[in-house]
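Numbered from 1 within each chain, the chains take letters A, B, ... in sequence-line order.
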Number of protein chains: 2
Amino acid sequence: MARTQGSHSDITGPRIREAALRLFAQHGYAAVSMRQIAKEVGVQAGALYNYTPDKQSLLFNLMAGHMAELQAAWDSVPQADSALKRLRAFTGFHIRFHLERPDAVFIAYMELRNLTEENFTVIESLRRDYENGVEGILKQGVEQGEFAVPDTKIATLAVIAMLNGVNTWYRSEGRLSLDEVERVYWGMVQKAVST
Amino acid sequence: MARTQGSHSDITGPRIREAALRLFAQHGYAAVSMRQIAKEVGVQAGALYNYTPDKQSLLFNLMAGHMAELQAAWDSVPQADSALKRLRAFTGFHIRFHLERPDAVFIAYMELRNLTEENFTVIESLRRDYENGVEGILKQGVEQGEFAVPDTKIATLAVIAMLNGVNTWYRSEGRLSLDEVERVYWGMVQKAVST
DNA sequence: CTTTTTTCTGAACATTCGTTCAGTTATTGT
DNA sequence: ACAATAACTGAACGAATGTTCAGAAAAAAG
């Protein structure tokens with residue numbers, strides 16, 4: 001056997017990335033073999049190398065793609081004038097974006113240690129960009145007297161960490177709807193940074 | 001060669017656990033081989049099996065030990081009467097305990113997916129016990145009118161997630177002292193749950 | 001000193017790993 | 001219809017994996 005019926009680059013490529021994403025999130029990068037990914041796609045291990053130069057690049061591209069998507073999505077959210085409204089918009093955006101991609105989120109900060117040094121630097125830089133956007137909101141709020149935080153950098157990380165926590169427990173079949181979750185978290189975020 | 005000079009069970013045992021803890025935290029459970037751990041200790045791989053039946057038990061015991069320590073340490077903290085004081089004590093305790101054991105903390109919630117099903121159940125149960133203790137404080141605070149949170153379970157997870165975030169950025173040589181970090185976080189926690 | 005026990009070595013085991021590649025087949029272009 | 005290209009197979013590579021075990025040496029017990 002060789003090339004199979006209906007085989008296409010534009011189909012196999014995404015399927016490989018999807019399978020890798022799910023398996024990496026489930027078992028961890030190091031614990032997943034190229035053969036497992038191939039099996040999931042319905043292909044032999046060697047075929048993967050038509051789509052990625054190696055396993056490391058597969059991981060890196062998943063993470064870099066996720067971070068780029070995250071930044072682009074947030075950039076496309078219209079910004080209000082007041083810091084309070086902007087922070088509220090961010091809270092909702094961050095929760096929803098992350099709940100829609102639990103696997104990518106999980107990988108993006110669980111598999112940092114499995115990146116090569118250069119790849120790690122790139123991802124870390126993307127993450128910092130995103131964090132800086134949030135810190136900008138807090139700084140604005142402090143300047144305009146809407147917020148009171150002793151340290152905007154720490155507050156930024158604290159808010160993000162708190163929101164990230166949703167991914168560890170939220171289930172769509174669960175007790176609370178997405179709107180309710182958003183409202184509860186916004187209540188806490190708002191109070192935490194308020195004057 | 002065989003048994004080496006000065007070899008002792010009470011020395012090698014802890015050294016194996018220390019090496020495993022550090023290596024697992026640094027590279028991940030699946031990415032660390034028994035030979036790497038052995039090399040760190042200065043021993044051959046086979047010798048490790050005098051101290052652990054297998055690699056999985058090594059991981060499980062590290063995690064279970066950490067969770068037991070955590071619970072015991074918190075249990076030994078004297079409890080104040082008011083919920084506000086208790087929550088303040090918890091905030092300080094949690095931050096300090098976790099900053100003192102970054103590797104164990106990292107492993108305890110990064111390597112959950114590498115546990116067997118039964119081992120996972122055990123660790124999850126220990127974690128829930130700890131979380132329930134915190135929720136008890138919030139419940140008390142709500143009953144006594146000191147706190148206002150729409151959902152004590154979510155608030156518990158949000159507070160813990162926020163505090164856990166400290167481990168991702170705190171460095172002892174950094175800009176802020178431990179006391180300052182504690183004060184900043186307590187400020188945010190307090191406001192987040194306040195009426 | 002002699003015996004027993006504890007601690008470790010070094011080699012071996014079957015598996016699995018990431019990756020390469022010559023060959024084969026389906027698809028595309030002419 | 002035929003030629004060219006893209007997509008994949010299947011086998012192979014050396015290296016590394018977790019684990020076992022007979023034997024050797026050091027330490028402890030007598």
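Atom pair B:I11:CD1 and D:dA27:P shows a separation of 11 Å (rounding to whole Å applied). As rounded to whole Å, 13 Å separates atom C1' of C:dT19 from atom CD1 of A:I37. Atom P of nucleotide C:dA22 and atom CD of A:Q44 are separated by 18 Å, given to the nearest angstrom. Rounded to whole Å, atom P of C:dT7 lies 6 Å from atom CZ of B:R3. One atom, CD of B:Q5, and another, C1' of D:dA24, lie 15 Å apart when rounded to the nearest Å. Regarding A:N50, its CG atom lies at a distance of 17 Å from the P atom of C:dA26, rounded to whole Å. Following rounding to the nearest Å, B:K39 (NZ) and C:dT9 (C1') show an atom-to-atom distance of 16 Å. The distance from atom CG of A:N114 to atom C1' of C:dG18 is 15 Å, rounded to the nearest whole Å.
With respect to B:R15 and B:E18, no salt bridge is recorded, no charged nitrogen being found less than 4.0 Å from a carboxylate O.
Figure legend: cation-pi geometry between B:R101 and B:F97, with NZ or CZ positioned under 6.0 Å from the six-membered ring centre and within 45° of its axis.
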Q. Base, backbone or nothing for each nucleotide of nucleotides 15-21 of chain D, written B, S, -, heavy atoms under 4.0 angstrom, 5' to 3'?
A. --BBBB-
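When ring centroids are compared, A:Y170 and A:H98 stay outside the 6.0 Å threshold. Checked against a 6.0 Å centroid threshold, the rings of B:H66 and B:Y109 do not count as neighbours.
Using cut-offs of 30° and 60° for the angle between ring planes, the A:W169 and A:Y185 rings count as parallel. Taking the six-membered ring where the residue is Trp, B:F90 and B:W74 present perpendicular rings, their angle passing 60° and hence far from 30°.
Distances shorter than 4.0 Å separate none of the side-chain N or O atoms of A:T4 from OP1 or OP2 on D:dT9.
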